[in-house]
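Each remark here refers to the structure printed beneath this line.
In this chain, residues are counted from 1 in sequence order. Only heavy atoms go into these numbers, but all of them, side chains included; no hydrogens, no water, no symmetry mates.
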Amino acid sequence: MKTSIFVCLTVLLPLTAMADDAALLADKLDAMQGIKANFNQKVTDQNGKLIQEGSGILAMKQPGAFHWHLTSPDESLIVANDQTVWVYNSFAEEVSILDMEDILKASPMALLVHRDEKSWSEYQIDKKGDCFEIRPHQGVESAVNMVSVCFAKTVLSDIRLVDGQGSVSHFELSSQSHVAEADSGLFRFELPEGVSVDDQRAQ
């Protein structure tokens, strides 16, 4: 679940004091003006063995608005809006509420939902063909070794995450479209009746 949280979030941050490749990535994200897409997920271990598959829908829009809904094989939902992240497990009937700042500390992928220039300075961004690889600088604590985001021309098409054990989470996007006004409800979370709440935000 935590891996999914870290992988599934994207918006633009400021260009000031950013390296050239980071600025190019920001331009790509800015040009999308929000995206809604289906995704297929495959997780492989360090030996390339398939250990998990899934599918669902994601949507994202600047600044800090994100919706990730895993529909198969199990259902779960992640909604981020501004500084708050909700993680809903329908099977366990539990909602966890997190500060965006805590997610930022865990994964470079989460940086893409935040406009914090100081946090971005702790990561190296390199353009590799149609992809951008994001890695933490030496000494920066992170649960993720590398995140790669790829584009088909101007469209976000592929996300890969490599964790500390060498496992790879690959998200292939399809049926991409711009986020419409009618999609604004995707970025609001309404607490289901009767579920337990684990509020992990700083008080």
Least distance between heavy atoms, [X] atom then [Y] atom:
| X | Y | value |
| --- | --- | --- |
| Asn145 | Asp163 | ND2-O, 3.4 Å |
| Ser55 | Asn40 | CB-OD1, 3.5 Å |
| Val195 | Glu94 | CB-N, 4.4 Å |
| Ala22 | Ile125 | CB-CD1, 3.6 Å |
| Phe132 | Asp21 | CE2-O, 3.4 Å |
| Leu173 | Ala37 | CB-CB, 4.3 Å |

Nearest-0.5 Å distance that lies between atom [atom1] in [X] and atom [atom2] in [Y]:
| X | Y | atom1 | atom2 | result |
| --- | --- | --- | --- | --- |
| Leu58 | His69 | CG | NE2 | 12.0 Å |
| Ser169 | Gln41 | OG | CD | 5.5 Å |
| His137 | Tyr123 | NE2 | OH | 9.5 Å |
| Ser174 | Asn38 | OG | CG | 4.5 Å |
| Asp27 | Thr154 | CG | OG1 | 12.5 Å |
| Asp20 | Asp126 | CG | CG | 11.5 Å |

(message) One thing to verify: whether Arg188 and Glu190 come together as a salt bridge, which I'm taking to mean a side-chain N less than 4.0 angstrom from a carboxylate O.
(response) no
(request) Applying side chain to side chain contact (heavy atoms under 4.5 Å, CB included), run through Val179 and Phe187 and close with a yes or a no. (result) CA-CA 11 Å; Val179 173; Phe187 308 119; 4.0 Å; yes
[Y] and [X], any side-chain heavy atoms less than 4.5 Å apart:
| X | Y | result |
| --- | --- | --- |
| Pro73 | Gln52 | no |
| Arg160 | Asp158 | yes |
| Val149 | Leu25 | yes |

(message) Test side chain to side chain contact (heavy atoms under 4.5 Å, CB included) on Phe39 and Leu70; report intermediate values, then the result.
(response) CA-CA 9 Å; Phe39 69 81; Leu70 181 70; 4.1 Å; yes
(request) Tell me, with the steps shown, if Tyr88 and Ser96 meet side chain to side chain contact (heavy atoms under 4.5 Å, CB included). (result) CA-CA 7 Å; Tyr88 175 47; Ser96 297; over 6 Å; no
(message) I'd like to know if Leu156 and Ile57 are part of one continuous hydrophobic network [Ile/Leu/Val/Met/Phe/Trp/Tyr, side-chain heavy atoms within less than 4.5 Å].
(response) no
(message) With a 3.5 Å distance limit and no angle check, can you tell me whether Asp99 reaches the backbone of Ala202 through a side-chain donor-acceptor pair?
(response) yes
(message) Please check this pair: side chain of Lys127 against backbone of Gly129, looking for a donor-acceptor N/O pair closer than 3.5 Å.
(response) yes
(request) Please collect all salt bridge (charged side-chain N to carboxylate O under 4.0 Å, His left out) contacts where either partner lies in residues 41-53, sequence neighbours excluded, each pair once. (result) none
(message) Can you tell me which residue among Met60, His178, Lys61 is in a side chain to side chain contact (heavy atoms under 4.5 Å, CB included) with Ile35?
(response) Met60
(message) side chain to side chain contact (heavy atoms under 4.5 Å, CB included), that's the test. Do Val197 and Leu191 meet it? Break it down for me.
(response) CA-CA 9 Å; Val197 178; Leu191 187 67; 3.8 Å; yes
